[in-house]
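These notes are about the structure you will find just below.
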Amino acid sequence: MKEFFKYLINGIFKENPVLVLMIGLCSVLAVSTTVENAIGMGLAFSFVMIFSNLFVSSLRPIIPNNIRIPIFIVVIATFTTIVDLIISAYFPELYKALGIFIPLIVVNCIIIGRAEGFAYKHNVVESLADGVGISIGYIWAIVALGLIREFLGSGTVLDKVIIQSFNPAKVFSMPPGAFWGIALLMGILKWVQQKISRR
Amino acid sequence: MNLLGKLLILFISAALINNIVFMRFLALCPFVGMSTQIEVSLGMGAAVTFVMVMASVVTFFVYYYILVPLNLLFLRTIAFILVIAVLVQLVEMVIRKFSPNLYKAMGIYLPLITTNCAILGVTLLNINYGHNLIEAIVYALGVSLGFTIALILLASIRERLSYSDIPNFWQGYPIVFITAGLLALIFLGFQGLAH
Amino acid sequence: MKNLLRYGLTLMLICGIAAGVLAFTYERTQKIIALNKIREKENLLKEMLPKATKFVMLSNTPKANDSSVKIHEIYVGKNIESIVGTVWEVSTYGYSSEIFLLVALSTDKKIEKIKILSQQETPGLGTEITKRDFLDQFIGKNTPNLEVNKNIMPVSGATISSSAVVRAINEVLRHNGL
């Protein structure tokens, strides 16, 4: 049980896929224009991430080592397509907002990286913990960026005005704001880590 | 507008106005990882151009001559990614066999390209925009030129950044992203260029 | 050789299962997706012409006189067989993107309502063309003589985007003999 939590926590801070490992950034930067989109993208990502980890770890005994990569790709692509179909059927508005970034989950380096680097070497329970941990890490990073950009860019959070007199700077909803927002998050995380390690 | 003019606009808008890195946020992993030196950026740019054009052509035929007639559009993502993975493997083998020099120059980048989301992204966008074969090729060329430009721009700034005095917690990736944001701001200026 | 066969079979098996699972999901979701699309279109048209209960798409759309404007679809709104108006889907190139808009005309060929369907103009400037302040100026107009700064106030800082909308609306009004 202790191991389970160790792997779960690992993905949230120490190996946060977005802010520390610096992979899978494309969807994070592109979709984080509003908090709502960020949450939608985070959930779609988590679905694929967790199921891919579960499947790869449970299929471990029957996957021949030499052709493991193509098999990972097929597994991930299958779950991505399922998510794509489900969102397009039940959440058409979200589907429009996320656009091409739903099918692109398949080439998200995080998922294939965890399949190869973690799930292929660990059992089902540990892989589940890792999948959930990485997903939470991804979600908090993308939602935090969404918060920064939506608030600074349009002055709202989840479409609600927070401070009346605040004059938003549109540039934060535009592409440059995404780069600045993620730089800010990374800087803050680094600063916090330095404070902690100095103690 | 004649055909050539249309293609030129498509090319310029793919390279500058809708720059794949700064406006569409694709291919950020190689953008950050491969932009440390100008030379490395050029190698990566060449490899991406090569694979992107080939992938656009092959997926065009796969989509319109296999998936559409068989009514299997929902297999699009899975089919495209497999095509790209196989293509990259093939290209790697062919280059290694026939041109050791070229292999030395771009070989190490090739395996990284399978998970480069720009390749899959461009093949999907080609379908979304309804490009024909020639448009798809021109679009792929424009996008990869835009990618190479972005890479070289960032690499040349990063080469200088390595000598600058940067506050402690902005060092490393944060300052790279702030630079990228400033470059993106510049690229916003290209909006409206095509008209 | 034996290995090659094993690899091939394993890959085929996995791809087969994947295709099966996807076919099943597709079967389940496809009807809902198709339904969503129809409902979305209907809701949009209802919003344009609230009086209509039924919409019929015209099979032949006229060619645009202005070569920069494209006429995509025309719907006739009916309320128990009597025509209450038409909805036009047109598009034209603005400053940095193609602007798609819906224009609703009443039976006496006056503009009832305008809605911008999609655009990617400059955020904060060109995107203001989607606001009521700008679009409501067109309501009630019926002659194709609209011009920016003459009888239409453009969005400040976005004359090109505003002129594009005016161009598209003039084109619709030009066809009001339909």
Side-chain angles (χ1 to χ4, degrees), chain A residues 19-32 69-70 72-85 88 99-113 171-172 174-195, chain B residues 18-33 73-82 84-86 89 111-125 127-128 167-188 191:
Chain A
L19 298 175
V20 180
L21 301 185
M22 307 278 310
I23 47 178
L25 285 167
C26 307
S27 53
V28 173
L29 293 193
V31 175
S32 58
I69 303 286
F72 295 163
I73 294 180
V74 171
V75 169
I76 298 169
T78 308
F79 285 114
T80 308
T81 311
I82 292 176
V83 165
D84 190 89
L85 289 170
S88 128
I100 189 180
F101 286 94
I102 302 175
L104 283 182
I105 293 177
V106 75
V107 278
N108 195 310
C109 334
I110 305 172
I111 297 177
I112 193 145
V171 73
F172 278 95
M174 294 199 271
F179 288 108
W180 294 332
I182 195 106
L184 191 68
L185 276 179
M186 283 172 183
I188 293 174
L189 199 70
K190 221 171 166 180
W191 182 70
V192 171
Q193 270 170 353
Q194 278 171 7
K195 283 264 158 171
Chain B
N18 290 314
N19 185 284
I20 192 93
V21 177
F22 294 123
M23 295 296 137
R24 286 198 186 280
F25 301 114
L26 292 177
L28 286 174
C29 300
F31 173 66
V32 176
L73 293 189
F74 61 92
L75 290 181
R76 184 187 65 175
T77 313
I78 203 165
F80 279 19
I81 188 70
L82 286 177
I84 293 169
V86 170
Q89 270 311 304
L112 295 169
I113 286 181
T114 312
T115 50
N116 180 335
C117 45
I119 310 278
L120 183 66
V122 164
T123 58
L124 291 175
L125 286 173
I127 305 296
N128 281 2
N168 195 358
F169 45 83
W170 291 117
Q171 272 169 22
Y173 287 122
I175 191 72
V176 171
F177 277 99
I178 292 178
T179 315
L182 291 172
L183 286 173
L185 197 62
I186 296 168
F187 271 77
L188 265 186
Q191 297 265 327

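Note on naming: letters A, B, ... go to the chains in the order of the sequence lines (proteins, then strands), and numbering restarts at 1 for each one.
- Only the side chain of Arg76(B) comes within contact range of chain A, with at least one heavy atom under 4.5 Å from a heavy atom of that chain.
- Minimum interatomic distance between Gly172(B) and Lys190(A) (heavy atoms only, all atoms of both residues): N-NZ, 4.3 Å.
- When the candidates Gly187(A), Ala183(A), Gly177(A), Gly181(A) are compared by the number of heavy-atom contacts under 4.5 Å with chain B, Ala183(A) comes out ahead.
- Residues Val74(A) and Ile78(B) share a closest heavy-atom pair of O-CD1, 3.9 Å.
- Rounding to the nearest 0.5 Å places CD1 of Ile105(A) at 11.5 Å from CG of Leu120(B).
- Using a 4.5 Å cut-off between heavy atoms, Val31(A) makes no contact with chain B at all.
- Ranked by non-hydrogen atom pairs under 4.5 Å with chain A, the options Phe187(B), Trp170(B), Tyr173(B) are led by Tyr173(B).
- Within the model, atoms CD of Gln171(B) and CE of Met186(A) stand 15.0 Å from one another, a figure rounded to the nearest 0.5 Å.
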Subject >> Verdict with reasoning, Thr77(B) to Asp84(A), per side-chain contact (heavy atoms from CB on, under 4.5 Å) >> reply: CA-CA 10 Å; Thr77(B) 313; Asp84(A) 190 89; 5.6 Å; no

Subject >> Intermediate values then yes/no, side-chain contact (heavy atoms from CB on, under 4.5 Å), Ile81(B) and Ile76(A) >> reply: CA-CA 10 Å; Ile81(B) 188 70; Ile76(A) 298 169; over 6 Å; no

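- Atom CZ of residue Phe169(B) and atom CD1 of residue Ile188(A) lie 9.0 Å apart, to the nearest 0.5 angstrom.
- At a threshold of 4.5 Å between non-hydrogen side-chain atoms, the residues Thr81(A) and Leu75(B) do not count as touching.
- Chosen from Phe101(A), Trp180(A), Trp191(A), the residue pairing most often with chain B at heavy-atom distances under 4.5 Å is Trp180(A).
- Note: Ala77(A) leads Pro70(A), Ala77(A), Gly24(A) in heavy-atom pairs under 4.5 Å with chain B.
- When the candidates Val21(B), Val86(B), Ile175(B), Asn168(B) are compared by the number of heavy-atom contacts under 4.5 Å with chain A, Asn168(B) comes out ahead.
- Ring planes of Phe179(A) and Phe25(B): tilted class, angle from 30 to 60°.
- Annotation: maximal heavy-atom pairing with chain B below 4.5 Å, among Leu85(A), Leu29(A), Leu25(A), occurs at Leu29(A).
- With chain A as the partner, the residue from Val32(B), Leu182(B), Asn128(B) showing the most heavy-atom pairs under 4.5 Å is Leu182(B).
- Considering all non-hydrogen atoms of both residues, Pro176(A) and Gly181(B) come closest at CB-O, 3.4 Å.
- In this structure, Ala85(B) and Ile73(A) approach most closely via the heavy-atom pair CB-CD1, 4.2 Å.
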